[in-house]
Amino acid sequence: MRQAGRYLPEYREVRRRVSFLDLCRDVDLAAEVSLQPFRRFSPDGVIFFSDILVPVQAMGARVEFGKEGPRLTHPVRTGDDVLRLRRFDPAGELRFTGEILKRLRGEVGDRAAVIGFAGAPWTLACYLIEGGGSKSFAAIKEMMGLGQRTLEGLLNLLADVVGDVLSFQIASGAQAVQIFDTWAGELTREDYRRWALPATVRAIAGIRRSDQPVILYANGCSHILEAMNESGADVLSVDWRIPLSEARRRVPGRPLQGNLDPGILLGGTGEVRRRVRAMLAETGGLSHVVNLGHGVLPQTPVESAEAFFASVRSSGVAETTDAAAEAGA
Ligand code: CP3
């Protein structure tokens, strides 16, 4: 999940001087911002600072970040619009992301895993077609009926781009990669299987990797969990609307990640401690990556993030990674 961001005063300080997209491209600053939460909380994983829309920009789309979040100024609506987008070589167009990952590996050493990421094809298609965030997803849903060939073409292109981008991140030092399907939960189970899942399968199959795990996150995933389990991902990351015990039952043997509601971090440190204990009890102590069910909200008090880590560590259920244990963390 998003680790860095506006809940940290040191992040806000950097952002006073530089725009969000410039920050993503500045190797020194992006590495610094990635390390801010690592210095404060010593998590077992450090996600590199970037955004799921950075590769979309490299495909030729115009992306802007304003107060209301991302905006794509020329939404994709026709086959010609798709043809104007291109598959690119990440080693050329996104060299800076490779440099950030290399820098992080040097700084973090064996103390934590460095994590790469990309948006899932479906979620990237939502941004490209809607032109930004959406409540109804009217434009892409219209295309699911009236523009099927166009949508298929776009999803296939995005799947190849995601495979290329994650392969490059792994070649640059990422030790695990996460695919964010933020808008997958907007689909019925049938439509998830028809549209989002095949593109995710294609993206994951396209990742050149040795033993680096792929984590698949979907927001609002409770109705599509079994389908996600057919994606080829090694770990499924779930939001807070599904009890972990139920997720465990429905995808037996599959390592899970998640799922504290990030909103709990707004309700005081006592509540954080209580809810973390309840979450850990639900994992059954089985292969589980403790995490939030979505990104940290900008209003989050830093003490609440501290309380999250402290209560996980003091629980007795949690184990540090081998690397962290060896490093004496
Ligand atoms: O934690 C990290 O350091 C990793 C960086 C990271 C960001 N975005 C930085 C960011 C990651 C992993 C993402 C993923 C991302 N970006 C997703 C998928 C995960 C999710 O949250 O669902 C999505 C949908 C996006 C697109 C996006 N980027 C949105 C909707 C927004 C606006 C959100 C907001 O809070 O304003 C962004 C901007 C963004 N990406 C910020 C950060 C730190 C805030 C930008 C700022 O400094 O103003």
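In this text, all values refer to a predicted model and were calculated from it rather than measured experimentally. Scope of the values below: all heavy atoms of this structure, side chains included, with no hydrogens, waters or symmetry mates. Counting starts at 1 for both ligands and their atoms, in listed order.
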For atom 3 (O) of ligand 1, what's the nearest protein heavy atom and its distance?
A4 CB, 3.1 Å
Taking both backbone and side-chain atoms of G69, is any N or O found less than 3.5 Å from an N or O belonging to ligand 1?
no
Within 4.0 Å of some non-hydrogen atom of R15, the atoms of ligand 1 are 46 (C), 47 (O), 48 (O)
For atom 19 (C) of ligand 1, tell me which residue out of F180, F38, Y127, F117 has the closest non-hydrogen atom.
F180
The atoms of ligand 1 lying under 4.0 Å from a heavy atom of P70, numbered in the order shown, are 27 (C), 29 (C), 30 (C), 31 (C), 32 (C)
Looking only at protein heavy atoms, which one is nearest to atom 16 (N) of ligand 1, and how far off is it?
D51 OD1, 2.9 Å
Taking all atoms of both residues into account, what is the closest heavy-atom pair of V46 and S34, and its distance?
CG1-O, 3.7 Å
Any idea which of Y217, F49, F65 brings a heavy atom closest to atom 38 (C) of ligand 1?
F65
Establish, from distance only, whether the side-chain atoms of N219 and R241 form a donor-acceptor pair under 3.5 Å.
yes
Quick one: look up the protein heavy atom nearest atom 34 (C) of ligand 1 and list residue, atom name and how far away it is.
R6 NH2, 2.7 Å
Considering only non-hydrogen protein atoms, determine which one is nearest to atom 21 (O) of ligand 1 and report residue, atom name and distance to 0.1 Å.
R2 NH2, 3.0 Å
For ligand 1, is there an atom lying under 4.0 Å from some heavy atom of H294?
yes
Using a 4.5 Å cut-off on heavy atoms from C-beta on, say whether the side chain of E32 contacts that of F49.
no
Heavy atoms only, cut-off 4.0 Å: how does S50 contact ligand 1, side chain, backbone, both, or neither?
backbone
Return yes if a side-chain donor-acceptor contact under 3.5 Å exists between E93 and Q57, otherwise no.
no
Side chain of Q212, backbone of S210: donor and acceptor closer than 3.5 Å?
yes
Heavy-atom contacts with Q3 under 4.0 Å: which atoms of ligand 1 show up? List them by number with element.
1 (O), 2 (C)
If the threshold is 4.0 Å, N to carboxylate O, is there a salt bridge linking R149 and E152?
no
Distance (rounded to the nearest 0.5 Å) between K141 NZ and L146 CG
14.5 Å
Modelled atom types, side-chain donor and acceptor of D164 and S167, under 3.5 Å:
no
For Q178, which part has a heavy atom under 4.0 Å from ligand 1: side chain, backbone, both, or neither?
neither
Does F117 form a ring-ring contact (aromatic ring centres under 6.0 Å, His included) with F48? I'd like the steps, not just the answer.
CA-CA 8 Å; F117 72 94; F48 94 103; 5.4 Å; yes
Please evaluate residues D81 and T78 with respect to the criterion side-chain contact (heavy atoms from CB on, under 4.5 Å), reporting the C-alpha separation (whole Å), side-chain torsions for both, the decisive distance (0.1 Å), and the verdict.
CA-CA 5 Å; D81 294 337; T78 65; 3.2 Å; yes
At a 4.0 Å threshold, what atoms of ligand 1 neighbour a non-hydrogen atom of I47?
1 (O), 2 (C), 4 (C), 12 (C)
Test item: side-chain donor near acceptor, E303 and T269, under 3.5 Å:
no
From atom 43 (C) of ligand 1, work out which of Y11, F48, W183 has a heavy atom at the shortest distance.
Y11
What pair of heavy atoms forms the shortest contact from E107 to R111, and how long is it?
O-NH2, 2.7 Å
Atom 17 (C) of ligand 1 [closest protein heavy-atom partner, distance rounded to 0.1 Å]:
I52 CD1, 3.7 Å
Those atoms of ligand 1 less than 4.0 Å from some heavy atom in T182:
18 (C), 19 (C), 20 (C), 22 (O), 24 (C)
Using heavy atoms and a 4.0 Å limit, tell me yes or no: is S34 in contact with ligand 1?
no
Taking atom 41 (C) of ligand 1 as the reference point, the nearest protein heavy atom with its distance:
F20 CE1, 3.7 Å
